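Structure first, then comments.
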2 protein chains.
Amino acid sequence: MVVTLKDVAQAANLSVASVSRILTNRGRYSETTAKRVREIAREMGYFKNQSAADLASKKSRAVGVVVPLIHTNFADEIIKGLYEATVASGYELLITYLDDNEAHQTQVFNTLLTRQVGAVFLLSLDIPAWMMAQLTTQSIPIISLTTILNEHISAVTSNEFIVMDTLVDHLVSKGHTNIALIGDTKLTTNISSVRRRNFIESMKQHQLTTENAFFYGNDHSYETGYQSVTEGYDINALPFTAAIATADLVGVGIVNAMNDANKSIPNSLSVVTIDGLQLTEMSRPQLTTIQQNFAEIGRIAMNLFIENSIDQQQQIIYVPTKLIERDSVLDIK
Amino acid sequence: MVVTLKDVAQAANLSVASVSRILTNRGRYSETTAKRVREIAREMGYFKNQSAADLASKKSRAVGVVVPLIHTNFADEIIKGLYEATVASGYELLITYLDDNEAHQTQVFNTLLTRQVGAVFLLSLDIPAWMMAQLTTQSIPIISLTTILNEHISAVTSNEFIVMDTLVDHLVSKGHTNIALIGDTKLTTNISSVRRRNFIESMKQHQLTTENAFFYGNDHSYETGYQSVTEGYDINALPFTAAIATADLVGVGIVNAMNDANKSIPNSLSVVTIDGLQLTEMSRPQLTTIQQNFAEIGRIAMNLFIENSIDQQQQIIYVPTKLIERDSVLDIK
DNA sequence: TTGAAAGCGATACCAA
DNA sequence: TTGGTATCGCTTTCAA
């Protein structure tokens with residue numbers, strides 16, 4: 001049988017109330033008895049039943065993390081960040097995965113709500129409107145990571161415009177004028193259309209027109225990168241001299257496709273990527289990239305919640321990014 | 001205020017007992033009232049309080065997953081597998097990360113126990129003895145994934161010997177006799193020493209001696225792979241013609257180190273890896289690998305638990321692996 | 001500093 | 001098919 005508070009209380013000749021207070025370090029008690037009780041509890045192998053505790057105190061120590069099931073190599077990093085901040089505070093991470101199956105979505109969503117999570121962290125995820133509505137009516141704070149969803153939801157993210165502008169600026173400074181955005185460039189989601197807009201805007205600010213801008217792809221996959229130069233354009237006569245990959249994986253796809261066609265990078269094409277995970281160092285040539293600090297994004301988001309600063313109004317926190325110059329950009333000036 | 005069962009019961013003019021039975025599809029009730037109740041519950045935005053439910057029913061719908069915080073690129077895949085099997089059954093995954101900090105370990109462990117998890121899944125992880133002891137005294141089933149811990153703990157894994165033997169056999173069939181095992185080859189953990197032993201055993205079965213076997217490295221990292229041929233051995237006079245990398249990342253490290261030194265793979269060195277994730281396709285040349293079916297391992301493990309077959313005695317389930325021949329092995333016969 | 005007792009929200013047994 | 005009610009293990013006033 002499982003050891004309960006009552007058992008411990010009996011063994012210690014105390015009331016459950018006192019034992020509870022001691023074991024949760026709440027309220028008043030003498031340090032002498034406290035010591036004794038803690039010892040007894042340990043010996044008996046007592047473990048609090050968190051469900052009972054949550055129920056009685058009408059609160060939960062769990063926060064939900066919703067991760068898209070499609071390939072996102074940075075989810076790991078973010079979760080680590082969240083986790084770090086969480087360990088210190090005693091909160092629990094309830095990590096759930098979301099795919100396209102609506103039945104699954106409902107269920108995921110249900111576990112979150114039935115566990116009375118204190119907050120929901122969305123990882124680069126645009127959840128269906130009905131979910132959003134539910135969350136809000138239950139007044140569960142939502143924090144979006146790596147992307148700004150709308151004007152109500154708080155977010156911790158890199159500054160998307162700066163990310164794009166830094167890259168464009170870097171390429172322009174090396175003499176490039178015809179630039180492609182490759183990866184997730186579709187107009188149907190919030191996230192990708194923002195990037196697309198930022199790209200155009202940044203081009204403009206560099207005195208370049210939409211004639212200088214090229215787009216390819218609907219997702220952040222390796223295949224999209226690969227196909228961009230093999231199927232999307234004539235690899236022997238690319239209309240652009242540089243490409244911005246919306247994710248590292250896309251960049252590697254481009255590099256491999258070029259290599260496989262005996263075209264050298266950066267001589268035949270310059271490539272830069274967004275994200276800057278380990279992959280960019282493992283590529284040959286190593287990729288110039290703008291690195292996002294994912295772990296930091298996770299840490300900050302969690303602390304934002306813990307410090308309860310995330311109450312009513314929206315907060316947007318930008319986490320700095322860093323341009324890392326490596327060997328995938330040719331100076332053609 | 002949060003909507004409770006009682007509220008729904010009142011609104012429906014029924015007892016909480018009936019409503020509970022209906023909403024959990026347990027016991028008898030008429031489909032007519034059931035329909036009405038479900039509708040009312042939905043309208044009121046009712047969500048069961050899982051903590052209360054767990055408490056009352058004296059069981060938990062949560063299972064714990066313990067993931068090592070060090071870089072393991074397959075954790076993702078396994079979690080997806082676990083998740084898939086879990087969604088259908090209504091269980092929840094409580095995913096926790098384990099690092100070397102003992103205080104953290106205790107805490108992780110605490111959340112697991114305080115949540116009364118029904119089982120604990122260990123991802124390629126050798127947990128401290130005291131944890132193991134606790135888990136067993138609380139009679140929480142433990143299932144180890146991708147590795148066999150001892151003769152008591154159930155496991156779902158690839159057959160490690162077959163993995164190693166397939167690789168050795170493949171290399172030998174291509175005329176290689178001097179072979180290196182690179183990556184995690186240390187003798188201090190169960191997992192790595194088993195691999196090492198298997199390697200030696202397999203060599204023997206192929207009429208090769210320990211003189212033909214080489215070892216390098218203490219972890220599964222890219223750096224270890226890279227250093228093996230740059231620092232571990234003289235890259236211009238490697239004593240082996242083929243290398244088995246204990247993880248994909250290690251293999252890529254070797255490939256890059258060779259490339260950077262203007263040595264071609266497989267001409268100067270043949271490389272095969274264990275795991276077979278996407279990375280092996282992205283490498284140039286593409287890597288010959290023995291592919292583990294991680295998602296399947298997760299799925300099977302979870303089902304093993306759900307079907308309750310994992311009661312008293314140990315079970316070892318082997319999930320088939322697949323040799324994928326690509327371009328990183330030279331035939332030197 | 002300690003104890004008694006009233007919940008928390010659901011489940012499940014036993015009656016009706 | 002439905003309802004009453006004890007119970008799960010803990011927290012939290014309020015008194016002692």
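Just so it is clear: chains get the letters A, B, ... in the order the sequence lines come, proteins before strands, and each one is counted from 1. The shown structure was predicted, so the numbers you read here are calculated from the model rather than taken from an experiment.
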**OP:** Starting at atom CG of A/L5, determine the distance to atom C1' of D/dT12, rounded to an integer number of angstrom.
**Re:** 13 Å
Subject >> Distance test, side-chain N/O of A/K48 to OP1/OP2 of D/dT11, below 4.0 Å >> reply: yes
Original post:
Between D/dC10, D/dG3, D/dC8, which nucleotide gets closest to the side-chain atoms of B/L14?
Top reply: D/dG3
Original post:
From the list D/dT11, C/dT2, D/dT2, which nucleotide is the closest neighbour of the side chain of A/S18?
Top reply: C/dT2
Subject >> Closest-nucleotide ordering on DNA chain D, the 5'-leading residue of B/R21 and A/A17 >> reply: B/R21
**OP:** Ignoring backbone atoms, test whether A/T33 places a side-chain nitrogen or oxygen under 4.0 Å from the OP1 or OP2 oxygen of C/dT2.
**Re:** yes
Subject >> Shortest side-chain distance from B/S57, nucleotide among D/dT12, C/dG3, C/dA12 >> reply: C/dA12
Original post:
Can you check the B/R61 CZ to C/dG9 P distance for me, whole Å?
Top reply: 21 Å
Subject >> D/dG3 phosphate, OP1 or OP2, under 4.0 Å from B/S15 side-chain N/O >> reply: yes
**OP:** Give A/T24 one of three labels, base, sugar-phosphate or nothing, depending on what nucleic acid heavy atoms sit under 4.0 Å from its own.
**Re:** sugar-phosphate
Original post:
Run the side-chain hydrogen bond (donor to acceptor under 3.5 Å, both in side chains) check on A/T189 and A/S192 step by step: do they pass?
Top reply: CA-CA 6 Å; A/T189 72; A/S192 49; 2.7 Å; yes
Original post:
Once you round it to whole Å, what is the distance between P of C/dC8 and CG of B/D7?
Top reply: 11 Å
Original post:
Separation of A/Q10 atom CD from C/dG3 atom P, in whole Å?
Top reply: 13 Å
Subject >> Interatomic distance where CG belongs to B/N25 and P belongs to C/dA10 [whole Å] >> reply: 16 Å
Original post:
Given the rule in the side-chain hydrogen bond (donor to acceptor under 3.5 Å, both in side chains) test, do B/S158 and B/Q292 qualify, once you have shown the distances and angles that lead to the verdict?
Top reply: CA-CA 7 Å; B/S158 306; B/Q292 304 201 56; 2.6 Å; yes
Original post:
Do you know the tightest heavy-atom contact between A/I79 and A/L93?
Top reply: O-CD2, 4.4 Å
Subject >> Gap separating the CG atom of B/D54 from the CD atom of A/Q50, nearest 0.5 angstrom >> reply: 11.5 Å
Original post:
Tell me: CD1 of A/I22 to P of C/dT1, nearest whole Å?
Top reply: 10 Å
Original post:
For A/L23 and D/dG9, what is the distance between atoms CG and P respectively, to the nearest whole Å?
Top reply: 16 Å
Original post:
What nucleotide, of D/dC8, D/dT1, C/dG3, holds the atom closest to the side chain of B/S30?
Top reply: D/dT1
Subject >> Contact under 4.0 Å: B/S20 side-chain N or O vs C/dA10 OP1/OP2 >> reply: no
Subject >> Nucleotide C/dA10, atom P - distance to CG of A/D54 in whole Å >> reply: 14 Å
Subject >> Aromatic ring pairing B/F294/B/F74, orientation class (parallel under 30°, perpendicular over 60°, tilted between) >> reply: parallel
Subject >> Phosphate-side-chain proximity, B/Y29 and D/dG3, N/O vs OP1/OP2 below 4.0 Å >> reply: no
**OP:** Name the nucleic acid region contacted by B/R26, choosing base, sugar-phosphate or nothing; use a 4.0 angstrom heavy-atom cut-off, strictly under.
**Re:** sugar-phosphate
